[in-house]
Amino acid sequence: MKKQVLFVMALLLSIGAVAQQPLTFKKKGYTLIVANNDPKVDLKQQVRLITTFFQTYPKLAKAYNKNTADTVYLMLDTAYTGVAATGHARVRLNANWIIAHPEDIDVITHEVMHIVQNYGRSVGPGWLTEGIADYARYQFGVNNQAAKWVLPEFKTSQNYSNGYRVTARFLAWIEKHVKKGTVKALDEQLRNHSYTAGSWEAITGKTLDELWKAYAADPAV
């Protein structure tokens, strides 16, 4: 990985810290095409995002979907006002967010998991899609601790349908205490559009509500 960091840095330095035209990086069968329209995103931060992609995307593909896209487009965009958005193997990151939260480089891990998921017109709930993406960040993120990104402690006000980290923690609990491989099975069903409300019981032996009740009674992960 050190060689990859040096290569990325050398390439960025050769054209300047800001890439007005897209740059292409390739490693082990995957291609990342990067464009940046904000000169305030410094060279070091660009290198960290690019190397994080090559650290995590192949692992996500291996764990969840080996047929995921082999070419991904990343845009650091001053015009985008959310944090990040992904569709059709294209990731848009809010450049101002990256500048304000320099340690949150695993935002890219969450976003490219959406590419791996590739649910299309999903038959499942959005909260589960986002929960699985955050669970994948929990599994494979390379800088979560420095970013102070953690799964939240359980609260009685929560529900599995909260999505994101709340759902991710619930999934982590299921993996540890109920049935290992549940997340992978749910992910596969969402991708092949066979997911139903009954999938939870078919996979784990318990309904979704039964699982949440058990989790709430003893939520240690």
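All of these numbers come straight from a predicted model, not from anything done at the bench.
Using modelled atom types, one finds a donor on one side chain and an acceptor on the other under 3.5 Å when comparing Asp104 with Trp97. For the 3.5 Å distance criterion, the side chains of Gln117 and His114 qualify, holding a donor opposite an acceptor. Looking at Gln158 and Tyr215, their side chains never bring a donor and an acceptor atom within 3.5 Å of each other.
Of all heavy-atom pairs between Asp106 and Asn143, the closest is OD2-N, 2.5 Å. Contact detail for Ser161 and Asn159: the closest heavy-atom pair is OG-OD1, 2.8 Å. Contact record, Thr68 with Val116: OG1-CA, 3.4 Å, taken as the closest heavy-atom pair. Looking at every heavy atom in both residues, Tyr195 comes nearest to Val123 through O-CG2, 3.7 Å. When every heavy atom of Ala85 is checked against every heavy atom of Glu111, the shortest pair comes out as C-OE1, 3.7 Å. When all heavy atoms of Tyr135 and Ala168 are compared, the closest pair comes out as N-CB, 3.5 Å.
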Can Asn37 and Asp77 be said to form a side chain to side chain contact (heavy atoms under 4.5 Å, CB included), step by step? CA-CA 6 Å; Asn37 63 13; Asp77 193 356; 3.2 Å; yes
What's the verdict on side chain to side chain contact (heavy atoms under 4.5 Å, CB included) for Leu190 and Ile132, showing C-alpha distance, side-chain angles and the deciding distance? CA-CA 11 Å; Leu190 288 164; Ile132 290 175; 3.8 Å; yes
Please report the C-alpha distance between Ser194 and Asn192 in whole Å, then the side-chain angles of each, then the deciding distance to 0.1 Å, and finally whether the side chain to side chain donor-acceptor pair (under 3.5 Å) criterion is met. CA-CA 6 Å; Ser194 64; Asn192 66 30; 2.5 Å; yes
Using the side chain to side chain contact (heavy atoms under 4.5 Å, CB included) rule, take Asp209 and Trp200 through it: C-alpha gap first, then chi angles, then the decisive distance, then the call. CA-CA 9 Å; Asp209 287 331; Trp200 299 87; over 6 Å; no
Test side chain to side chain contact (heavy atoms under 4.5 Å, CB included) on Thr86 and Val112 and set out the steps. CA-CA 8 Å; Thr86 300; Val112 297; over 6 Å; no
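Listed for the Arg165 side chain is no donor-acceptor partner under 3.5 Å among the backbone atoms of Pro152. Put simply, the side chain of Arg137 never gets that close to the backbone of Met113: no donor and acceptor are under 3.5 Å apart. The closest donor-acceptor contact from the side chain of Ser122 to the backbone of Tyr119 lies at 3.5 Å or more, if one exists at all. Side-chain N or O atoms of Arg92 include none that pairs as donor or acceptor with a backbone N or O of Gly82 at under 3.5 Å. A distance-only check finds a donor-acceptor pair linking the side chain of His177 to the backbone of Ala220 [under 3.5 Å]. Side-chain N or O atoms of Trp173 include one that pairs as donor or acceptor with a backbone N or O of Asp218 at under 3.5 Å. Side chain of Gln45 to main chain of Pro102: a donor-acceptor pair is present (N/O by atom type, distance under 3.5 Å, no hydrogens or angles).
The CG atom of Asp134 lies 8.5 Å from the OG1 atom of Thr167; values are rounded to the nearest 0.5 Å. Here Asn94 contributes atom CG and Tyr80 contributes atom OH; the two are 8.0 Å apart, rounded to the nearest 0.5 Å. Going from atom CZ of Arg48 over to atom CG of Leu43 covers 12.5 Å, rounded to the nearest 0.5 Å. Within the model, atoms OG1 of Thr24 and CD1 of Ile33 stand 4.5 Å from one another, a figure rounded to the nearest 0.5 Å. Here Ile105 contributes atom CD1 and Gln55 contributes atom CD; the two are 7.5 Å apart, rounded to the nearest 0.5 Å. Taking CG of Leu211 as the start and NZ of Lys179 as the end, the distance is 11.5 Å to the nearest 0.5 Å.
Residues forming a side-chain hydrogen bond (donor to acceptor under 3.5 Å, both in side chains) with Glu175 (at least two apart in sequence, or on another chain): none. In terms of the side chain to side chain contact (heavy atoms under 4.5 Å, CB included) criterion, residue partners of Lys59 (sequence neighbours excluded) are, by chain and number, Phe140. For Trp127, the side-chain hydrogen bond (donor to acceptor under 3.5 Å, both in side chains) test picks out no residue, with sequence neighbours left out.
Taking the six-membered ring wherever Trp is involved, the centroid distance between the rings of Phe25 and Phe54 does not fall below 6.0 Å.
Salt-bridge check for Asp38 with Lys40: passed, with a basic side-chain N closer than 4.0 Å to an acidic carboxylate O. In summary, Asp187 and Arg191 engage in a salt bridge, as defined by a charged side-chain N under 4.0 Å from a carboxylate O.
Within a 6.0 Å sphere centred on OH of Tyr30, other residues, nucleotides and ligands contribute more than 12 heavy atoms. Counted within 6.0 Å of OH on Tyr138, heavy atoms from surrounding residues, nucleotides or ligands total 12 or fewer; the atom is thus considered open.
Under the 4.5 Å side-chain heavy-atom criterion for ILVMFWY residues, no single connected hydrophobic cluster contains both Val91 and Met75.
Each of Leu171, Ile174, Ile203 was checked for a side chain to side chain contact (heavy atoms under 4.5 Å, CB included) with Val183, and the lone residue meeting it is Leu171.
You'll find the side chain of Gln139 reaches within 4.5 Å of the side chain of Tyr64, heavy atoms only.
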